[in-house]
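Atoms considered below: every heavy atom in the structure, side chains included; atoms not considered: hydrogens, waters and symmetry mates.
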Amino acid sequence: MKIRFLVAMTVATVGWVAQAHAHGDVGSNQGQCLMKIGPDTMTFTGYQPLKSREQFCDDIPDAGPTIITLDAQQDELRDMNLEMRVVKDVGQKDPSENVEANTEYYSAPKKYRTGTLTFEHNFPVQGKFIGVVTAKSDDGSKEYKAVFPFAVGLTQTKDITIAVFFAGLALVGFGLWYKKQFIDKKTAA
């Protein structure tokens, strides 16, 4: 019974942590933040120069001025028109739903021959957002899209929630160990 409980808690924990860290098409690989766009990849780096020198690749630590740089890793993306849009996450099923009203930042499609797309935006408030990068060939035969949800200024809340969850899990584990080591032995004696 106890083993089943621990296995169930472990499976639930892994699923919960995976969901907490889900960021759509953005992930980390060998210290680089990578974004999958069609069959290609772009590196993703964010900075908040007025707050810290640290870079980030998922959630933005605080509201305020932010610089985001995307670097195309393959030549195919350098030959395509790249468009960047950040929309407010208001619970829509698709980021294109009511896109004009929800757009926080927009960069019109154009070619970036160096492969580097950099934009600055001042996020005035904390909240949840969705980034959408679209790459389209000149003739329209190829179109790739990367969609990634992210939060601005909500990272402390997420970190506290995760810490409390694991502290509770550790407390339950300690309670089970204590019961087995001391209470069950006294009862048996």
- Task: Using salt bridge (Lys or Arg N to Asp or Glu O under 4.0 Å) as the criterion, list what pairs up with Glu76, not counting sequence neighbours.
- Result: Lys142

- Query: How long is the gap from CE on Met80 to OG1 on Thr134, to the nearest 0.5 Å?
  - Reply: 10.0 Å

- Can you measure from OG (Ser107) to CD (Glu83) and round to the nearest 0.5 angstrom? 8.0 Å

- Nearest 0.5 Å, what's the NZ-CE distance between Lys36 and Met42? 13.0 Å

- Message: Can you confirm whether Tyr112 sits close enough to Leu77 that some side-chain heavy atom of one is under 4.5 Å from a side-chain heavy atom of the other?
- Response: no

- Query: Which heavy atom in Pro65 sits nearest to a heavy atom in Pro49, and how many Å separate them?
  - Reply: O-CD, 4.2 Å

- Message: To check you understand the geometry: which heavy-atom pair defines the closest contact between Pro109 and Asn81, and what is its length?
- Response: CB-CB, 4.1 Å

- Item | Qualifying residues under side chain to side chain donor-acceptor pair (under 3.5 Å), relative to Arg78, sequence neighbours excluded | none

- Message: Using 0.5 Å steps for rounding, measure from the CZ atom of Phe148 to the CD1 atom of Ile37.
- Response: 9.0 Å

- Note on the structure: Residue set satisfying salt bridge (Lys or Arg N to Asp or Glu O under 4.0 Å) with Lys136, at least two apart, ordered chain then number -> Glu143

- Please list, chain by chain and in numerical order, all residues satisfying side chain to side chain donor-acceptor pair (under 3.5 Å) with Asp79, sequence neighbours excluded. Arg113

- Nearest heavy-atom pair of Thr66 and Gly64: which atoms, and what distance? OG1-O, 3.1 Å

- Message: Please verify the inter-ring angle class for Phe150 with Phe129; under 30° counts as parallel, over 60° as perpendicular, anything in between as tilted.
- Response: parallel

- Message: Using side-chain contact (heavy atoms from CB on, under 4.5 Å), reason through Asp62 and Gln48 one step at a time and then give a plain yes or no.
- Response: CA-CA 8 Å; Asp62 295 306; Gln48 287 192 308; 3.8 Å; yes

- Query: What ring pair (Phe, Tyr, Trp, His ring centres under 6.0 Å) pairs are there with at least one residue in residues 85-106, not counting sequence neighbours?
  - Reply: Tyr105-Phe119, Tyr105-His121

- Task: Under the side chain to side chain contact (heavy atoms under 4.5 Å, CB included) rule, collect the residues that match up with Asp94, sequence neighbours excluded.
- Result: Ser96

- Identify the two heavy atoms, one from Gln73 and one from Thr43, that lie closest to each other, and give their separation to 0.1 Å. NE2-CG2, 3.3 Å

- Lys111 meets the salt bridge (Lys or Arg N to Asp or Glu O under 4.0 Å) criterion, sequence neighbours left out, with Asp138

- Message: Suppose we screen for side chain to side chain donor-acceptor pair (under 3.5 Å). Which residues come up paired with Asp139, at least two apart in sequence or across chains?
- Response: Ser137, Ser141

- Task: Give the cluster check for Tyr47 versus Val152: same hydrophobic cluster or not, with ILVMFWY residues linked at side-chain heavy-atom distances below 4.5 Å.
- Result: no

- Note on the structure: With sequence neighbours left out, the residues meeting ring pair (Phe, Tyr, Trp, His ring centres under 6.0 Å) with Tyr144 are none

- Item | Glu54: side chain to side chain contact (heavy atoms under 4.5 Å, CB included) partners, not counting sequence neighbours | Ser52

- Message: Strictly distance-based, threshold 3.5 Å: is any side-chain N or O of Asp59 a donor or acceptor partner for the main-chain N or O of Ala151?
- Response: yes

- Query: If you group Ile, Leu, Val, Met, Phe, Trp and Tyr by side-chain heavy-atom gaps below 4.5 Å, do Val90 and Val87 land in one group?
  - Reply: no

- State which residues pass side chain to side chain contact (heavy atoms under 4.5 Å, CB included) with Thr69; sequence neighbours excluded, sorted by chain then number. Ile67, Asp71, Thr116, Thr118

